[in-house]
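Throughout, protein chains are lettered first and strands after them, A, B, ... in sequence-line order, and every chain is numbered starting at 1.
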Amino acid sequence: MGHVRNYTMGDVLARYKAMTGHAVLHPMGWDSFGMPAENAAMEKKVHPGAWTRSNIEAMKKQLKRLGLAIDWSRELSTCEPEYYGHEQALFLDFYKAGLVYRKESEVNWDPVDMTVLANEQVIDGRGWRSGALVERKKLNQWFLKITDFAEELLEGLESLDKWPDKVRLMQENWIGKSKGLKLTFNLTGTHDGIDVFTTRPDTLYGASFVAIAADHPLAQSLAENAPALQDFIAECKRGGTTAAELETAEKMGFNTNLTVEHPLDPSWHLPVYVANFVLMDYGTGAVFGCPAHDQRDLDFARKYKLPVRRVVAEGDVTDSEFDGDVAYTGPGRIVNSDWMDGMGVDEAKAAIIAKAEQEGWGEGQTQYRLRDWGVSRQRYWGTPIPIIHCEFCGVLPVPRNELPVKLPEDVSFDIHGNPLDRHPTWKHVKCPNCQEPAVRETDTLDTFADSSWYFIRFASQPDDKPFDKEEAEAWLPVGQYIGGIEHAILHLLYARFWTRALQKVGKLDFAEPFAALFTQGMVTHETYQINRPPTEEEKRVFGWTDDAATESVTEWLSPEQIERHGDRVVEVGTGRAVKVGRIEKMSKSKKNVVDPDPMFDQYGADAVRWFMLSDSPPERDLEWSESGIEGTWRFVNRVWRLVDGLEAAEGEDKALDKSLHRAIAGIAADIEALHFNKAVAKVHGLVNDIEKAAPSASRAAAIRTLPLLVAPMLPHLAEEAWVALGNDGLIAGQPWPSHDPALLIDDEVTIAVQVMGKLRDTLTVAKGSSKDALEALALASEKVQRAMDGASPKKIIVVPDRLVNIVI
RNA sequence: GCGGACGUGGCGAAACCGGUAGACGCAACAGACUUAAAAUCUGUCGCCCUUUGGGCGUGCGGGUUCAAGUCCCGCCGUCCGCACCA
């Protein structure tokens with residue numbers, strides 16, 4: 001249903017835009033590589049390709065029933081070599097341009113299944129199938145240099161004025177530009193130093209330790225002769241790789257017993273720790289800790305009993321000794337900092353950067369939180385990375401005339417690990433340079449690569465290259481992109497990067513792929529659970545004894561498996577009590593899904609479409625309900641009855657004319673703004689007015705116009721109505737009806753009359769009445785006089801055509 | 001932990017630049033039609049009271065203003081994202 005909602009919105013817009021004279025390209029494709037297919041292969045013993053293609057067929061059938069005005073001639077599927085072969089060509093273009101490189105990076109490693117796990121396959125620090133404690137392991141992996149574009153991607157956000165502010169802000173934070181100081185702490189008694197990046201150089205006098213990442217070269221070299229440190233580093237590597245896990249893990253440190261000199265006072269020595277909360281990927285992999293003004297540093301300092309020195313005054317508190325467990329990160333005057341005392345935070349930052357640069361122990365630097373895009377996946381169901389590794393010639397691109405590098409079909413998922421790596425023949429090739437035996441790269445590309453350029457392929461799809469520049473540029477950038485908020489950062493940022501990368505290698509001449517973005521809400525439904533005794537099978541598998549087996553198993557139920565008797569909810573058939581759970585996004589795992597097909601059967605596609613557009617604003621979640629779909633079905637029938645019962649009549653109905661012309665203008669404006677729920681409300685309003693009106697020429701005209709107004713939303717009904725009203729051809733080709741602007745203006749308005757801000761009366765007056773006239777009318781009102789209770793007005797506020805407020 | 005949002009009747013919501021809170025729909029209730037039911041149609045529908053009137057009301061507590069759902073400050077609650085799900 002989530003897709004149904006998404007595509008219905010796009011379809012309404014596409015149909016409306018066509019009616020208003022625009023050339024519309026409304027294509028459909030399948031982002032069809034990825035883990036679900038491999039999971040299905042493991043669980044159901046089907047080939048990922050067969051599983052994927054049959055899903056696509058089923059979904060396509062469903063979308064066709066929904067009545068989408070889609071140009072199916074441009075359909076594409078990312079798992080077919082006709083698509084991913086071109087992607088491999090683009091990858092090689094990027095490789096040639098220096099936008100691709102290899103480096104070591106950590107993955108979640110399941111030591112039992114001997115396989116790499118995705119973050120979602122790590123549950124509470126354990127592998128989802130094996131239950132083994134997950135470790136972090138380093139592998140050589142491929143990266144795209146998105147950081148080369150960090151500044152551009154940040155600046156580009158400003159031009160995206162048709163994107164939600166929220167998404168732009170999320171991307172801005174993701175890129176995470178920060179200005180600070182990179183400085184070197186000299187290791188006491190040596191000529192070596194530790195480079196540290198800080199955004200708070202103003203707190204340098206509050207430093208009480210230096211911490212380095214477990215992967216930091218210094219930590220690694222110290223560990224060579226220190227088993228305790230080796231153990232500590234191993235400890236740090238336990239657990240997942242996600243930011244949430246790393247940052248919520250308990251702060252741990254290992255004292256190296258080394259010290260560094262404070263750059264502003266070489267006689268002041270700070271201890272050096274290896275710490276689990278310092279990330280090698282960000283900055284220099286080392287930080288200095290100022291506990292009084294950073295929460296993480298404070299937690300760490302309290303745990304290891306390190307000094308906590310206040311260097312920013314909190315209000316008038318300036319004591320050197322810092323109490324409490326909440327760091328102060330707000331503004332204030334610098335204190336206890338020698339020559340910086342009395343400066344503001346920003347002033348101090350600038351001053352110390354200047355001093356560091358002058359004295360040569362540091363320099364001002366801009367850092368980005370954005371990391372390069374790791375595109376390697378140790379999986380089968382993805383685009384093979386077109387690279388060959390030769391023992392003698394090194395890393396070589398696959399020759400262009402050998403593309404596409406196709407996935408082998410004969411693979412098995414019986415044992416773990418990457419099937420491409422295990423395949424007996426696939427990876428063994430001759431080196432294109434020296435002809436000696438060599439091996440293919442067995443990593444495949446992140447599926448985000450597939451979704452980073454599919455919109456270009458929609459616009460232009462020649463056989464011999466990924467796209468034709470002129471043809472693609474004729475359509476692009478995308479005029480309106482509709483997707484879920486879950487894509488706010490990664491997909492949208494990668495696609496923006498990919499487009500820029502194409503621009504850099506000369507394939508395209510624009511930077512931003514999506515001119516306008518809309519993020520729609522999810523379709524949700526209640527969840528249902530029952531407790532039931534275990535089956536014999538479950539007892540056997542889980543080794544439950546008969547005693548233990550009296551404990552019940554909790555199971556999700558689908559909406560068809562429950563029925564209501566008043567307030568009671570029970571399971572169909574068994575009558576067991578059902579626990580009604582939270583309203584959540586429809587998902588197969590919680591079984592709270594509603595299959596569109598039976599709904600099409602029962603109510604028709606138009607009623608389903610209307611439901612998707614009604615009530616909830618499109619950016620918010622929509623709760624599916626049985627009574628809701630019945631309501632929309634009734635409405636579709638009402639429209640049909642109006643058309644079916646049309647009688648020719650004479651005479652003008654001015655009020656209905658106004659209602660019609662307002663609806664024409666209002667519905668158009670709402671669709672343009674993607675306020676589909678408001679457009680639906682306006683259609684309801686018009687239908688109500690038509691039903692109430694007596695027969696007249698105006699009423700007949702309104703009924704004849706109605707199908708055009710609902711055509712983008714209810715295309716099937718509209719076509720039927722069009723024919724029933726005696727018109728030729730398809731309504732889909734008709735222009736949107738025009739409206740008379742004169743009919744949108746009222747000659748009378750109802751204004752509010754308040755006494756002391758409270759509503760006491762309303763008055764209907766001629767539009768544009770003078771302030772004096774409104775004031776006089778308001779004071780003359782009996783209700784107003786009663787409310788004033790003899791008091792005399794002190795002040796009267798008059799907002800023409802709006803209200804009068806009398807202050808006494 | 002960091003970042004982002006959201007909170008209005010029984011429910012989904014609307015309310016443009018601060019100017020009549022609750023348009024429109026769902027559910028519910030009453031009535032008409034019917035032998036009956038469904039469908040359809042008509043009406044009621046934020047809460048409270050001393051009911052041609054009045055008081056209260058947009059998560060909670062403050063503030064600004066003639067006037068606050070809307071602006072400001074502080075809370076509370078819920079949801080989403082966090083780089084190998086897509």
Side-chain angles (χ1 to χ4, degrees), chain A residues 31 33-36 39 105-108 116-122 141 146 164-167 169-170 172-174 176 240-249 251 277 281 295-296 299 369-379 446-448 450-451 483-491 493-494 522 582 584-585 611 614-617 619-623 625 627-632 634-635 637-638 641 675 677-678 680-685 687-688 691 750-763 783 786-787 794-797 799 801-808:
Chain A
D31 187 16
F33 270 140
M35 290 209 318
N39 292 337
S105 175
E106 286 184 337
V107 294
N108 299 306
V116 177
L117 298 178
N119 286 331
E120 69 158 15
Q121 296 173 320
V122 180
Q141 307 198 70
I146 190 172
D165 289 342
K166 141 170 102 168
V167 174
L169 187 60
M170 283 165 92
E172 188 182 323
N173 289 330
W174 189 256
T241 58
T242 70
E245 274 175 304
L246 294 176
E247 282 165 39
T248 49
K251 314 272 171 298
F277 63 89
D281 287 333
Q295 192 60 47
R296 278 187 313 193
D299 295 344
R369 205 181 70 100
L370 183 68
R371 305 200 303 256
D372 275 334
W373 176 12
V375 291
S376 277
R377 296 293 180 270
Q378 295 71 37
R379 291 182 216 293
D446 180 4
T447 56
F448 277 127
D450 311 333
S451 55
I485 186 68
E486 67 272 21
H487 293 301
I489 297 174
L490 295 182
H491 162 55
L493 194 62
Y494 291 149
M522 302 176 296
R582 297 191 342 195
E584 295 195 61
K585 176 181 179 166
F611 183 89
S614 302
D615 290 355
S616 283
E619 67 277 11
R620 228 179 280 180
D621 290 351
L622 170 71
E623 195 195 345
S625 82
S627 54
I629 184 69
E630 277 176 17
T632 63
R634 282 201 296 270
F635 178 75
N637 286 320
R638 261 171 84 194
R641 278 198 300 273
H675 293 158
N677 58 322
K678 294 191 211 171
V680 164
K682 289 194 173 95
V683 174
H684 273 288
V687 168
N688 287 345
E691 282 179 345
T750 303
I751 66 160
V753 183
Q754 300 175 333
V755 178
M756 296 300 285
K758 279 184 188 296
L759 182 71
R760 295 300 171 183
D761 201 0
T762 57
L763 300 170
K783 290 174 184 170
R786 198 182 321 134
K794 244 193 251 165
K795 187 174 171 188
I796 300 178
I797 289 117
V799 183
D801 295 338
R802 276 286 184 181
L803 62 55
V804 179
N805 187 11
I806 300 162
V807 184
I808 53 175

So, is A/Arg802 close to the B/rA15 phosphate, meaning a side-chain N or O under 4.0 Å from OP1 or OP2?
no
With syn defined as a glycosidic angle within 90° of 0 and anti as everything else, classify B/rC75.
anti
Most 5' of A/Thr632 and A/Lys758 on RNA chain B, judged by nearest nucleotide:
A/Thr632
As a test of reading the structure: which of B/rA5, B/rA27, B/rC84 is closest to the side chain of A/Asn108, going by heavy atoms?
B/rC84
With heavy atoms under 4.0 Å as the rule, sort A/Asn637 into base, sugar-phosphate or nothing.
nothing
Base, sugar-phosphate or nothing for A/Gln141? Non-hydrogen atoms, less than 4.0 Å.
base
May I ask you to test the A/Leu490-A/Trp174 pair for a side-chain heavy-atom distance under 4.5 Å?
yes
For a quick check of understanding: with a heavy-atom distance under 4.0 Å over all strands, which category does A/Gly484 fall into, base, sugar-phosphate or nothing?
nothing
Rounded to the nearest Å, what distance is computed from the CD1 atom of residue A/Ile485 to the P atom of nucleotide B/rG4?
13 Å
Quick check: any donor-acceptor pair below 3.5 Å linking the side-chain of A/Glu619 to the base of B/rC6?
no
Reading 5' to 3' and counting Watson-Crick or G-U wobble pairs with both distances under 3.5 Å, write the dot-bracket notation for RNA chain B, | for bases paired outside the strand.
(((((((..(((......[....))).(((((.......))))).((((...))))..(((((..]....))))))))))))....
Integer-rounded Å distance: B/rC82 P and A/Trp174 CH2
7 Å
How is A/Leu370 classified with respect to the nucleic acid when contacts are heavy atoms under 4.0 Å: base, sugar-phosphate, or nothing?
base
Closest approach to the side chain of A/Val799, judged atom by atom: which nucleotide of B/rC80, B/rG4, B/rG19 is it?
B/rG19
Can you check whether any acceptor in the base of B/rC84 is under 3.5 Å from a donor in the side chain of A/Gln378, or vice versa?
yes
Using the C1' atom as the reference point in each nucleotide, state the distance between B/rU58 and B/rU50 in Å, no decimals.
28 Å
Does a side-chain N or O from A/Arg377 land closer than 4.0 Å to OP1 or OP2 of B/rC84, or not?
yes
State, yes or no, whether a side-chain contact exists between A/His491 and A/Thr447 at a heavy-atom distance under 4.5 Å.
no
Any A/Ile806 side-chain heavy atom under 4.5 Å of A/Arg760 side chain
no
Gap between atoms NE2 and C1', on A/His491 and B/rC82 respectively (whole Å)
18 Å
Contact under 4.0 Å: A/Thr762 side-chain N or O vs B/rU20 OP1/OP2:
no
Of B/rC84, B/rG25, B/rG4, the nucleotide closest to the side chain of A/Leu169 is B/rG4
Using the C1' atom on both, measure B/rG9 against B/rC45 and round to a whole Å.
10 Å
A/Asp615 atom CG is separated from B/rG22 atom P, nearest whole Å, by 18 Å
Inter-nucleotide P distance (B/rC33, B/rG25), Å rounded:
25 Å
Under-3.5 Å N/O pairs linking protein and nucleotides 74-79 of chain B:
from: B/rC79; atom 1: OP1; to: A/Arg582; atom 2: NH1; distance (Å): 2.6

Looking for any heavy atom pair under 4.0 Å, which part of the strands does A/Phe448 touch: base, sugar-phosphate only, or nothing?
base
Between the base of B/rG3 and the side chain of A/Asn173, is there any donor-acceptor pair under 3.5 Å?
no
Indicate, with a heavy-atom threshold strictly under 4.0 Å, whether A/Val167 touches base, sugar-phosphate, or nothing.
nothing
May I ask you to evaluate whether A/Asn688 reaches the phosphate of B/rG25, defined as a side-chain N or O under 4.0 Å from OP1 or OP2?
yes
Could you give the distance separating B/rA15 and B/rC24 at their P atoms, to the nearest angstrom?
14 Å
In whole angstrom, give me the gap between the P atoms of B/rU34 and B/rC26.
26 Å
Closest approach to the side chain of A/Asn119, judged atom by atom: which nucleotide of B/rG53, B/rA27, B/rA83 is it?
B/rA83
Short side-chain to backbone donor-acceptor contact, A/Asn108 and A/Leu117, under 3.5 Å:
yes
Per A/Arg638 side chain, nearest of listed nucleotides B/rA23, B/rA86, B/rC41:
B/rC41
So, is A/Arg760 near the phosphate of B/rG55, with a side-chain N or O under 4.0 Å from OP1 or OP2?
yes
At less than 4.0 Å, is any side-chain N or O atom of A/Arg634 found next to OP1 or OP2 of B/rC26? Yes or no.
yes
If I pick the C1' atom on B/rG10 and the same atom on B/rC47, what distance separates them, to the nearest angstrom?
13 Å
Indicate the ring-plane relationship of A/Phe635 and A/His684, choosing parallel, tilted or perpendicular according to the 30° and 60° boundaries.
tilted
Report the glycosidic orientation of B/rU51: syn if within 90° of 0, anti in every other case.
syn
In whole angstrom, give the distance that lies between atom CG of A/Asp372 and atom C1' of B/rC84.
16 Å
Other residues, nucleotides, ligands: >12 heavy atoms within 6.0 Å of A/Lys251 NZ
yes
Integer angstrom distance from the C1' of B/rG22 to that of B/rC76:
25 Å
Could you tell me whether the phosphate oxygens of B/rA14, OP1 or OP2, come under 4.0 Å of any side-chain nitrogen or oxygen in A/Lys682?
no
Flag the pair A/Leu370 / A/Leu493 as yes when at least one side-chain heavy-atom distance between them is below 4.5 Å, and no otherwise.
yes
Are any non-hydrogen side-chain atoms of A/Phe277 and A/Asp299 less than 4.5 angstrom apart?
no
Could you check whether any side-chain heavy atom of A/Met756 comes within less than 4.5 Å of a side-chain heavy atom of A/Val807, counting everything from C-beta outward?
yes
Heavy-atom side-chain proximity of A/Val753 to A/Lys783 below 4.5 angstrom:
no
How do A/Ile489 and A/Arg296 order along RNA chain B: which one's closest nucleotide is nearer the 5' end?
A/Arg296
Heavy-atom side-chain proximity of A/Met522 to A/Glu584 below 4.5 angstrom:
no
Can you check the distance between B/rA67 and B/rC2, where both ends of the measurement are the P atom (answer in whole Å)?
39 Å
Proximity to the side chain of A/Ser616 - top-ranked nucleotide from B/rA13, B/rA21, B/rG4
B/rA13
Considering only heavy side-chain atoms of A/Arg641, the closest of B/rC41, B/rA14, B/rA86 is B/rC41
Summarise protein proximity over nucleotides 63-70 of chain B in one line of letters, 5' to 3': B for base, S for sugar-phosphate only, - for none, counting protein heavy atoms closer than 4.0 Å.
---BS---
Integer-rounded Å distance: B/rG3 P and A/Arg369 CZ
10 Å
Gap between atom CG of A/Leu803 and atom OG1 of A/Thr762 - 0.5 Å precision
12.0 Å
Is a side-chain N or O of A/Asn677 found less than 3.5 angstrom from the main chain of A/Ser614, in a donor-acceptor match?
no
Quick one: pull up CG in A/Asp615 and CD in A/Glu623 and give me the separation to the nearest 0.5 Å.
11.5 Å
Looking at the base of B/rC6, is there any donor atom on it, or on the side chain of A/Arg620, that sits under 3.5 Å from an acceptor on the other one?
no
Sugar-phosphate only, base, or nothing, as touched by A/Ser376 at under 4.0 Å among non-hydrogen atoms
base
Side-chain donor/acceptor of A/Ser625 to backbone N/O of A/Gly628, under 3.5 Å:
yes
